[in-house]
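Everything on this sheet refers to the single structure shown next.
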Amino acid sequence: LIVWKLPLRFSGRLNCDPTGGVLTAALVIGAGSAQAYSQVKQGQAQKRYYDAMADTARNQGDAIAAANQKKSEIAQDVGAQNVRSEAIKGAEAQGVQRVAEAANNIAGSGTAQDIAIDSMRKTRENEVNLKYNADIKSWEFDTEGAYAKWQGKEQENQYRTAGKQALSAA
């Protein structure tokens with residue numbers, strides 16, 4: 001082909017090279033196709049990456065929420081046990097007071113009754129405070145768990161969106 005084109009070119013009969021243009025066009029089309037294929041593959045790989053990150057974010061949020069739910073249950077159990085323990089201490093204190101009242105021969109007097117009522121009130125107040133503290137701790141764990149779950153879902157949505165954009169940009 002070159003041997004045939006050279007004499008025509010030197011003689012002036014061939015001002016342009018039609019085979020060179022076709023070859024150039026074929027090379028440009030081939031390079032463009034290879035680049036497009038590469039971009040599609042890269043977009044697919046990025047989407048898989050973002051999908052994996054989305055799954056991880058969701059799983060982490062769920063795991064933290066489940067762990068905090070368990071912590072909340074434990075806080076309630078510990079609080080209930082503390083309330084029972086306080087009730088036992090209060091009952092023991094009342095028993096000691098009755099024995100002391102009987103030993104001092106003041107059982108049934110107004111002062112003894114006032115002391116017993118005050119002791120019961122303080123015991124009940126301590127029980128309420130222990131229950132309240134357990135409820136607050138439990139609420140903190142529940143709130144942290146709910147926030148972690150929400151945050152995991154939000155991150156999952158962001159990663160899924162990024163994956164769709166990576167695929168559509170390819």
Side-chain angles (χ1 to χ4, degrees), residues 1-2 16-97 115-170:
L1 187 63
I2 293 177
C16 66
D17 186 359
T19 57
V22 171
L23 184 60
T24 303
L27 288 174
V28 168
I29 290 171
S33 296
Q35 184 179 8
Y37 178 77
S38 174
Q39 287 176 342
V40 167
K41 287 298 183 184
Q42 184 180 7
Q44 290 171 344
Q46 284 180 334
K47 183 174 183 327
R48 283 192 304 273
Y49 167 77
Y50 285 126
D51 285 345
M53 293 298 291
D55 291 341
T56 300
R58 184 191 63 240
N59 291 340
Q60 284 178 340
D62 290 346
I64 292 170
N68 279 12
Q69 175 63 33
K70 192 64 177 170
K71 289 177 184 177
S72 173
E73 292 168 7
I74 290 170
Q76 286 294 322
D77 291 346
V78 167
Q81 187 170 349
N82 288 343
V83 167
R84 285 190 298 272
S85 177
E86 185 63 28
I88 291 170
K89 285 184 206 173
E92 288 173 352
Q94 285 181 345
V96 169
Q97 286 174 353
I115 291 172
I117 290 171
D118 188 52
S119 294
M120 288 185 337
R121 184 186 56 74
K122 286 181 181 178
T123 298
R124 182 65 187 139
E125 191 176 293
N126 287 342
E127 291 172 2
V128 168
N129 285 335
L130 289 168
K131 177 72 172 125
Y132 175 78
N133 290 338
D135 288 344
I136 292 296
K137 196 66 172 167
S138 178
W139 175 81
E140 287 173 359
F141 287 130
D142 288 342
T143 302
E144 288 173 14
Y147 176 73
K149 190 170 186 121
W150 171 82
Q151 188 177 26
K153 286 184 180 194
E154 285 300 309
Q155 286 180 338
E156 176 188 17
N157 291 338
Q158 290 172 359
Y159 282 127
R160 298 265 185 236
T161 301
K164 288 176 187 175
Q165 289 174 346
L167 195 58
S168 67

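Note that CG of Leu130 and CD of Glu125 are 11.0 Å apart. Values are rounded to the nearest 0.5 Å. For the atom pair CD1 of Ile136 and CG of Asn129, the computed distance is 11.5 Å after rounding to the nearest 0.5 Å. In this structure, Gln158 CD and Glu156 CD are separated by 11.0 Å, a value rounded to the nearest 0.5 Å. Interatomic distance, CD of Gln60 versus CD of Gln155, reported as 7.5 Å (0.5 Å rounding). Distance check: Met120 CE to Gln94 CD gives 5.5 Å after rounding to the nearest 0.5 Å.
Take Tyr132 and apply the ring pair (Phe, Tyr, Trp, His ring centres under 6.0 Å) test, not counting sequence neighbours, and it matches no residue.
The minimum heavy-atom distance between Ala134 and Gly79, with the atom names listed, is CB-CA, 3.5 Å. Nearest heavy-atom pair across Ala75 and Ser138 is CB-N, 4.1 Å.
Residues Arg48 and Asp51 are not paired through a salt bridge, judged by the lack of any N-O separation under 4.0 Å between the basic side chain and the carboxylate. A salt bridge is defined here as a Lys NZ or Arg NE, NH1 or NH2 lying under 4.0 Å from an Asp or Glu carboxylate O, and Lys137 with Glu140 meets this definition. A salt bridge links Arg160 with Asp55: the closest approach of a Lys/Arg side-chain nitrogen to an acidic carboxylate oxygen falls below 4.0 angstrom. Of the charged side-chain nitrogens involved, at least one lies within less than 4.0 Å of a carboxylate oxygen, so that Glu127 and Arg124 count as a salt-bridged pair.
For Glu86 and Thr123, the side-chain atoms include no donor-acceptor pair closer than 3.5 Å. For the residue pair Lys131 / Gln76, a side-chain donor-acceptor distance below 3.5 Å is found, with atom types taken as modelled.
The shortest distance between side-chain heavy atoms of Lys149 and Ile64 does not fall below 4.5 Å. In this structure, the side chains of Ile88 and Glu92 come closer than 4.5 Å at one or more pairs of heavy atoms.
Residues in residues 73-82 take part in these salt bridge (charged side-chain N to carboxylate O under 4.0 Å, His left out) pairs, two or more places apart or across chains: Lys70-Glu73. Evaluation of the ring pair (Phe, Tyr, Trp, His ring centres under 6.0 Å) test over residues 135-159, restricted to residues two or more places apart or in two chains, returns Tyr147-Trp150.
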Audit row: Leu167, Gln46, side-chain contact (heavy atoms from CB on, under 4.5 Å) steps and yes/no: CA-CA 7 Å; Leu167 195 58; Gln46 284 180 334; over 6 Å; no
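Remark: side-chain polar atoms of Ser85 are not paired, donor with acceptor, to backbone N or O of Gln81 under 3.5 angstrom. The backbone N or O of Ile115 sits less than 3.5 Å from a side-chain atom of Ser119, completing a donor-acceptor pair. Looking only at distances, a side-chain donor or acceptor of Ser168 sits under 3.5 Å from a matching main-chain atom of Lys164.
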